[in-house]
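Reading through the structure tokens given below for one structure.
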Amino acid sequence: MKEKLMYRRMLSAIILVIICACTDSEEEGVASGPGGAGVGNGDVSAASTEGQTNAQKKTCREAMTSYTGLGAKVLVAGRLDGEQDEQHNPVVLDRHRVKPFQVLADDLHRILGTTQPSMDALLATSADTFAASPPRWFIEPQSSAVTLFTTYRIAFRGCVQFAKSEAAWSVQPTAAAAATACAKLQAKAWSTTPSKAEIDACVAIATDEAEFAKATPSPVTDAKTKWAYACASIFESNKFTSF
Amino acid sequence: MNVSRRRFLQGTGALGAAALTTGIPFGAPLAYAGRAGKKSAVVVIYTHGGFNGIFSSADSFLNGSFGVTSSNIFDAGNGLMVDKAFADGLGAYAKTHMAAVGIRHGTSVHEESIAGFFEPPGGSAIIRLARAMGGDAAIKAASILNKPAGNHAAVGNVSLQQINDMGATIATLQGGAAAEPARNLANRAAIGAELMSKERAARNPASLRSDAEGRQALIRTLSVPGPNFDFSAIPAAYKLNGTGISANNGNKMNAPMAAAELMVRAGVNVVTVTTGLLWDLHFSEASTNDRRQMITDVVPGVQTFINRMMADPATAAEYDVTVVLAGDFGRVGPQHDHASAVSAIMIGPGIKVGTSGRMSAQVGLPVGTPSWGGMWSMLCGLTAAPSNPFGPIPDMHKALLL
């Protein structure tokens, strides 16, 4: 049984590498280097456009290399395509995976800062919650209500600390300010450009005075805490919890 | 104080509001499964690799197989005889509320047996049973330690949620503790995060399915008031240090069974527990290893669960819990090879002592004994669910119901 498990994991890794050889519309136009700072600075999209020209507009499916795996099976056999995008390329489905716990932890530090005692305290006791794999082992992570809420709790602590360093977050959130702040943090956390709907969802949290007033044990009135609630929601999104 | 389910029920209005704002489909029947006004729950303990017939049909092996002798058998009555140490370990309540249920599935291949058990024809038995039982709990099906093999895709608002740690689960169920996000704001954020996740979820229907299902379960959980029950006392009752559910946290099945209690008290309909132990035990002619693992590693935790959730009169007045122990198949011959049938053990207040799973000396079951679906149908009948998606309960199993 262990051999089968190892085989499946190897197969998964190989498929993942092949999948990553293709780009899709979500990542195009986004710079996603370490720090994830830039929003659509054009480097990657330029490369993609050039690549498409060179491939004479072949679709990703047509242009990619096909590999045969164990048992003479084509590794991408059975992969499903979604509807075509605006350039008539089939949208590849199911290329994203749930991030392992250690990746979540590293990414949180990368984005929210490394001096995070409160966040680190919760991270230190959360490996079991995420069924984190032992060293040198891999188990495909699965999300659940508990892992998602724990991610939010961890990120909330990180965002409370992060808020202290954001001067703009000393002021009560407004729709305009939140739109700017949400878009900036979403791009950094997700390494992709957020859509208007995604920005709006974040703004709605930051400016929901009715909910802040209802909070127990006491209403939330502090500006930085309000920002932290919206901030943490960005990390609860699957654009952060998967890659 | 038992309260979780009542508090969950109080949140029905909020749940409906959440459905309107989030578009969560509430397809499951709202009727509450349970006899005499009690909340029903099913806990399935699965031994990956096999489930030795000595635990459910010991007298079949008085020919000398598996180390069975007349002195290590417990006669429960009505034809049911099981390993004595097993019965003694489970305790007095189990001895008077247990039955063996035959499953003549016809395969001796592990993968086929496991898949057939959890996904018999018609789809995930866990999801179908949890859905049939209905109720208003935010989470209706949970798996402790490992998710059972199979697809188990959500149907309506019924998904299978994996539980790996009790502390984080308690925080999710109760929410809003000191230094934690306020419950209503965490819910607001979860709804917003789901909107932010919509585009990627649509593009990853299979690989991020657990993510999408987890979000909906989380929103349902946070949309209702937190249960007014001291979940934090549960781990100590199972003599645990900490809240992890790893196999090394106390006795090997204490932590998983503590987690099972937690989830039942939180209103979950169906809980699956995998033992984390290997039960593909070949070359154990006297079944020494089967007995050791079962008696030493599994039974103590199960006994604590039974004593607290089923034998305790106050808790039993509120909950109607059935526990099932089963595995891939029985073992056969001196090499402990794979049989093609298994006789499961069911323990619960609705069980009449007896057996529909008495095995032959060759570890077979009579022709006409149902396969997995019969057992699930019986379980569904025990919960008094408004409907039975597994079809009529086979007569031979029906005879085991009070």
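Quick caveat: nothing in here was measured; it's all calculated off a predicted structure. Labels below follow one simple rule: chain letters A, B, ... track the order of the sequence lines, proteins then strands, and each chain is numbered from 1.
- The greatest number of non-hydrogen atom pairs below 4.5 Å with chain A, out of Leu208(B), Leu195(B), Thr169(B), is found for Leu208(B).
- Contacts between Glu213(B) and chain A at a heavy-atom distance below 4.5 Å are absent for every atom of the residue.
- In this structure, chain A has a heavy atom under 4.5 Å from the side chain of Leu222(B), while its backbone stays farther away.
- Close approach to chain B, defined as a heavy atom under 4.5 Å from one of its heavy atoms, is seen in Asp128(A), Thr129(A), Phe130(A), Ala131(A) of residues 127-135 of chain A, taken by number.
- Among the candidates Ala215(A), Ala232(A), Ser195(A), Ser126(A), the residue making the largest number of heavy-atom pairs closer than 4.5 Å to chain B is Ala215(A).
- Applying the side-chain hydrogen bond (donor to acceptor under 3.5 Å, both in side chains) criterion to Asp337(B), with sequence neighbours excluded, gives no partner residue.
- Only one option out of Asp200(A), Ile205(A), Ile199(A) pairs with Met196(B) in a side chain to side chain contact (heavy atoms under 4.5 Å, CB included); it is Ile205(A).
- Contact annotation: the side chain of Phe149(A) never approaches that of Thr221(B) to less than 4.5 Å [non-hydrogen atoms, C-beta and beyond].
- Within the structure, ring-ring contact (aromatic ring centres under 6.0 Å, His included) contacts touching residues 196-218 of chain A (residues at least two apart or in different chains) do not occur.
- Contact check for Arg215(B) versus Thr241(A): side-chain heavy atoms found under the 4.5 Å cut-off.
- Residues of residues 219-230 of chain A lying under 4.5 angstrom from chain B, judged on non-hydrogen atoms, are Val220(A), Tyr229(A) in numerical order.
- Residue contact with chain B, scored on non-hydrogen atoms closer than 4.5 Å, is absent for Ser218(A).
- In terms of heavy-atom proximity, Asn238(A) sits nearest to Ala201(B) at ND2-N, 3.4 Å.
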